[in-house]
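Each remark here refers to the structure printed beneath this line.
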Amino acid sequence: MMERACGGRLDALGPDGHRASMLTISGAPFEASVSGGRGKFTPAIRYITETATQETRFASRVAAQLASLRDLVAWLPNGDESVVEMLRSFVTTLYPDPSKVPAQHRSATWTGIVHHAAAPRHAARLKVYGGLKIVPGALDRLCNAWPGFAGLVTVPDHEKLISPVAAALEVDARGGVNHKIYLKARYDDVAVPMKLSRYFGHPAWELLSEFVRCGIDAADLHRHDWFVCCSRSASGTGFGLSLGSRKHTDLGDLVSELASRHHGSTYAVDALAEAAQSRGAAWRYSAVGLGFSTDHGIDKLNVYGTPTWSAAQATEA
């Protein structure tokens, strides 16, 4: 499934020497992650990738990504043509006419996949991500076409520090659908933590506080890349806050502390690094995210990372 999702290519650079994908700092279209919470990790492998990354035209990438959906949906136990059409409709709502998208845009969609240990030959979840800043009016179109997205964004349109940047539609093994909107803090402004708490209330304050308890300097909170996830499914709404790594940031100590507190051990996060190292790759934690629920408070920890190979290693491979 991974090979189909990435089109068999994980090159970090495109044919013109630019980053092949905007998914990672290196340009490689692959990011792996583990999840868990409330003292245990989930026995599942999660990854995000992108197909057709050697295409330099946006419309060509969209066409290839739409074409790949049928094969990917088939890995879901209950995946059928209605799921294929739903995910395709999500993409075409974001990008009604890909041929008119300016040349500076390349990455159109990313694909998120989860394989659970209980059913390793199937996908437990399939998610399609798309950008909200590429074609004007994307968020309004989504909310009009998909009621599940309506009302998820509580930040006013005039807010300059925090804004919606991406959306995702996720389908699970039972056919359940989850709608997600992602927002990003745009500048290193000291007001960002306060704004996060103003717009997202106690959940944001509690998650920021947990990051501080686990090692982030409270005075430097605004110097990090913050991403908010607001979601809605049949079971209700959810809120998450992620800290993204910058080029020279080492999240290792933060990841270990958070994993010990929320996964019950560092077993799962260590396994990610060990898997990369066993294939001759360097491992880098790219982001760490916490989730909050009304019933349980902080109840989720997601840890993301990327393997990288040197140019010589990549050539040998």
For a quick test of your reading: what N or O donor-acceptor pairs under 3.5 Å do the side chains of residues 143-154 make, sequence neighbours left out?
from   : atom 1 : to     : atom 2 : distance (Å)
Asn144 : ND2    : Asp140 : O      : 3.1
Thr154 : OG1    : Tyr199 : O      : 3.3

Decide yes or no for Leu290 and Leu258: does some side-chain heavy atom of the first lie under 4.5 Å from some side-chain heavy atom of the second? yes
Return yes when atom CD of Gln277 has more than 12 non-hydrogen atoms of other residues, nucleotides or ligands closer than 6.0 Å, and no otherwise. yes
Smallest separation among heavy atoms of Ala281 and Trp309, with atom names: CB-CE2, 3.4 Å
Only counting residues at least two apart or in another chain, list the ones meeting side-chain contact (heavy atoms from CB on, under 4.5 Å) with Ala32. Phe30, Leu272, Trp283
Can you tell me if Ser245 and Arg284 form a side-chain donor-acceptor pair at under 3.5 Å? yes
Where is the tightest heavy-atom contact between Thr306 and Ser286, given as atom of each residue plus distance? CG2-OG, 4.3 Å
Is there a side-chain contact between Met1 and Ile113 in this structure, where contact means two heavy atoms from C-beta onward sitting under 4.5 Å apart? yes
Residues in side-chain contact (heavy atoms from CB on, under 4.5 Å) with Thr294, at least two apart? none
Given ring pair (Phe, Tyr, Trp, His ring centres under 6.0 Å), test Tyr285 with Tyr304 step by step and report yes or no. CA-CA 6 Å; Tyr285 293 112; Tyr304 306 83; over 10 Å; no
Nearest 0.5 angstrom please: Leu69 CG to Leu87 CG, how far? 5.5 Å
Can you tell me if Arg88 has over 12 outside heavy atoms packed within less than 6.0 Å of its CZ? yes
Qualifying salt bridge (Lys or Arg N to Asp or Glu O under 4.0 Å) pairs, either residue in residues 252-265, two or more places apart: Glu210-Arg261
In this structure, CE of Met2 is separated from CZ of Arg4 (nearest 0.5 Å) by 13.0 Å
Just checking, any donor-acceptor pair under 3.5 angstrom between side chains of Ser99 and Asp97? yes
Nearest heavy atoms of Ala138 and Gly131, plus distance in Å: CB-O, 4.4 Å
Is the closest side-chain heavy-atom distance between Arg279 and Pro307 below 4.5 Å? no
So how far is it from His105 NE2 to Lys133 NZ, rounded to the nearest 0.5 Å? 11.0 Å
Side-chain contact, heavy-atom cut-off 4.5 Å: Arg223 with Asp217? no
Among pairs that include at least one residue of residues 8-18, which meet salt bridge (Lys or Arg N to Asp or Glu O under 4.0 Å), considering only residues two or more places apart or in two chains? Arg9-Asp11, Asp16-Arg106
Do Glu55 and Arg61 sit within salt-bridge range, that is, some charged N less than 4.0 Å from a carboxylate O? no
Under the rule for side-chain contact (heavy atoms from CB on, under 4.5 Å), what residues qualify as partners of Asp157, not counting sequence neighbours? none
Test item: side-chain donor near acceptor, Glu50 and Thr109, under 3.5 Å: no
Is Arg246 salt-bridged to Asp188, cutoff N-O under 4.0 Å? yes
Phe292 and Leu241, any side-chain heavy atoms less than 4.5 Å apart: no
Sequence neighbours excluded, the answer for salt bridge (charged side-chain N to carboxylate O under 4.0 Å, His left out) partners of Glu206 is Arg213
Any non-hydrogen side-chain atom of Met86 less than 4.5 Å from a side-chain atom of Val177? yes
CG of Leu23 to OG1 of Thr49, rounded to nearest 0.5 Å, is 7.0 Å
Is a side-chain donor-acceptor pair under 3.5 Å present for His262 with Arg38? no
Please list, chain by chain and in numerical order, all residues satisfying salt bridge (charged side-chain N to carboxylate O under 4.0 Å, His left out) with Lys300, sequence neighbours excluded. none
Could you grab the distance from atom CZ of Phe58 to atom NZ of Lys100, nearest 0.5 Å is fine? 14.0 Å
For Thr93 and Arg141, which I'm curious about, is there any donor-acceptor pair between the side chains at under 3.5 Å? no
Would a 4.5 Å heavy-atom cut-off, applied to side chains only, mark Lys127 and Lys180 as touching? yes
Remaining members of Phe41's ILVMFWY cluster at a side-chain heavy-atom cut-off under 4.5 Å? Tyr267
If we count only N and O atoms by modelled type, under 3.5 Å, do the side chains of Asn302 and Ser33 hold a donor and an acceptor together? no
Taking everything shown except Lys40 itself, do over 12 heavy atoms lie less than 6.0 Å from its NZ? no
Working to the nearest 0.5 Å, report the span between NE2 of His263 and OG of Ser35. 5.5 Å
What residues form a side chain to side chain donor-acceptor pair (under 3.5 Å) with Ser89, not counting sequence neighbours? none
Who are the side-chain contact (heavy atoms from CB on, under 4.5 Å) partners of Pro136, not counting sequence neighbours? none
Review item, side-chain donor-acceptor pairs of residues 72-82, under 3.5 Å, at least two apart:
from  : atom 1 : to     : atom 2 : distance (Å)
Asn78 : ND2    : Ala173 : O      : 2.6
Asp80 : OD1    : Ser82  : N      : 3.0
Asp80 : OD1    : Ser82  : OG     : 2.5
Asp80 : OD1    : Val83  : N      : 3.2
Glu81 : OE1    : Arg70  : NE     : 3.2
Glu81 : OE1    : Arg70  : NH2    : 3.4
Glu81 : OE2    : Arg70  : NH2    : 2.5

Return yes if a side-chain donor-acceptor contact under 3.5 Å exists between His222 and Tyr187, otherwise no. no
Pair Lys184-Tyr182, side-chain donor/acceptor within less than 3.5 Å: no
Using side-chain heavy atoms (C-beta onward) and a distance below 4.5 Å, is Pro29 in contact with Trp110? no
